[in-house]
Amino acid sequence: MAKFYVQCGQTELVLNSDTADSAALAMIDRILGPHLWIYDDPGLSELECCQHLMLEALLHLPTEIAVSEQGFDRDDAVTISVPETIHCWHALMIGMRRLFHEAGLDRSVAVLAGAEAIDRVVSSPRLPR
């Protein structure tokens, strides 16, 4: 796994990840974590959840995430679209919401889908030695 320096607006994150895309997804997870409650609101459709996230992004985030293996504020950083990354994150949350519902779990997405869950999704599994 590579070490990535990820920037989105004023938020900076250093993490190990397999790809720049998965590092960007981890950044979006950190930023949108406070909005997990929308997936627990039965009055909101999947489309309304996505619209809520996009409105938040439009108001508070830049349009791109900068990802580099060299450091912050690099001209050679890879830029990844915030809206596309939000769509990926939204798809993960909708998938979790559907799985919890089908499994009959009486837990909320906000409780069960913390940043650690996304880290496990985007990190390679650790094998026993």
Side-chain angles (χ1 to χ4, degrees):
M1 257 194 280
K3 181 177 185 178
F4 289 99
Y5 298 83
V6 188
Q7 290 176 280
C8 186
Q10 299 297 329
T11 307
E12 296 180 341
L13 179 65
V14 179
L15 56 89
N16 293 321
S17 190
D18 292 330
T19 66
D21 288 330
S22 63
L25 185 61
M27 171 61 88
I28 288 297
D29 180 57
R30 299 299 194 292
I31 292 171
L32 294 180
H35 299 279
L36 283 170
W37 64 268
I38 66 173
Y39 295 98
D40 296 327
D41 187 336
L44 292 177
S45 69
E46 292 177 8
L47 177 61
E48 290 168 325
C49 289
C50 188
Q51 289 171 337
H52 171 89
L53 296 176
M54 289 302 172
L55 181 59
E56 284 297 317
L58 180 65
L59 293 172
H60 302 290
L61 296 177
T63 59
E64 295 179 328
I65 301 168
V67 182
S68 172
E69 291 186 59
Q70 304 299 316
F72 293 117
D73 299 315
R74 302 276 303 188
D75 292 334
D76 59 350
V78 173
T79 55
I80 298 172
S81 165
V82 167
E84 287 179 22
T85 307
I86 288 174
H87 277 294
C88 291
W89 188 82
H90 170 69
L92 283 171
M93 295 306 114
I94 289 298
M96 291 174 74
R97 178 169 137 176
R98 290 176 184 171
L99 283 171
F100 296 159
H101 177 74
E102 289 299 315
L105 293 176
D106 192 24
R107 298 278 173 96
S108 71
V109 173
V111 169
L112 294 176
E116 295 81 16
I118 298 297
D119 282 341
R120 285 191 300 276
V121 169
V122 301
S123 299
S124 36
R126 293 186 178 183
L127 301 174
R129 293 184 181 203

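When reading the values below, keep in mind they use all heavy atoms of this one structure, side chains included, and skip hydrogens, waters and symmetry mates. Residues: numbered from 1 along the sequence shown.
Annotation for Phe72: hydrophobic cluster partners, listed by chain and number, are Tyr5, Val14 (ILVMFWY side-chain heavy atoms under 4.5 Å, direct or chained). When hydrophobic side chains of Ile, Leu, Val, Met, Phe, Trp and Tyr are connected at separations under 4.5 Å, Leu55 ends up clustered with Leu59.
For Thr79, the side-chain contact (heavy atoms from CB on, under 4.5 Å) criterion is met by Glu64, not counting sequence neighbours. In this structure Glu12 satisfies the side chain to side chain donor-acceptor pair (under 3.5 Å) test together with Gln7, sequence neighbours excluded. For Ala91, there are no side-chain contact (heavy atoms from CB on, under 4.5 Å) partners two or more places apart in sequence or in a different chain. Residues passing the ring-ring contact (aromatic ring centres under 6.0 Å, His included) test with His35 are His52, sequence neighbours excluded. Judged as a side-chain contact (heavy atoms from CB on, under 4.5 Å), and not counting sequence neighbours, the contacts of Pro62 are Cys8.
Looking at heavy atoms from C-beta onward, Met54 lies in side-chain contact with His87 at the 4.5 angstrom threshold. Using a 4.5 Å cut-off on side-chain heavy atoms (C-beta onward), Leu25 and Ile80 make no contact. A 4.5 Å side-chain heavy-atom check between Phe4 and Asn16 finds every atom pair outside the cut-off. Residues Val82 and Thr63 have side chains not in contact (no heavy-atom distance under 4.5 Å, counting atoms from C-beta outward).
For the atom pair CD1 of Ile86 and CD1 of Ile28, the computed distance is 4.5 Å after rounding to the nearest 0.5 Å. With rounding to the nearest 0.5 Å, the separation of CE in Met1 from OG in Ser22 is 9.0 Å. Atoms CD1 and OG, on Ile65 and Ser81 in that order, are 8.0 Å from each other to the nearest 0.5 Å. With rounding to the nearest 0.5 angstrom, the CG atom of Asp21 is 7.0 Å from the OG1 atom of Thr85. With rounding to the nearest 0.5 Å, the separation of CZ in Arg97 from CG in Leu99 is 12.5 Å. We find the CG-CG distance between Leu58 and Leu53 to be 12.5 Å, quoted to the nearest 0.5 Å.
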*Apply side-chain contact (heavy atoms from CB on, under 4.5 Å) to Arg30 and Thr11, showing your working.*
CA-CA 9 Å; Arg30 299 299 194 292; Thr11 307; 5.7 Å; no
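Sequence neighbours left out, the pairs with a member in residues 70-94 that pass salt bridge (Lys or Arg N to Asp or Glu O under 4.0 Å) are Arg74-Asp76. Sorted by first then second residue, the salt bridge (Lys or Arg N to Asp or Glu O under 4.0 Å) pairs that include residues 46-62, not counting sequence neighbours, are Glu46-Arg98.
The two residues Val67 and Ala20 make their nearest non-hydrogen contact at CG1-CB, 3.8 Å. Heavy atoms only, all atoms of each residue included: Gly43 and Asp41 are closest at N-OD1, 2.8 Å.
Taken together through direct or relayed side-chain contacts under 4.5 Å among Ile, Leu, Val, Met, Phe, Trp and Tyr, Trp37 and Met93 form part of one hydrophobic cluster.
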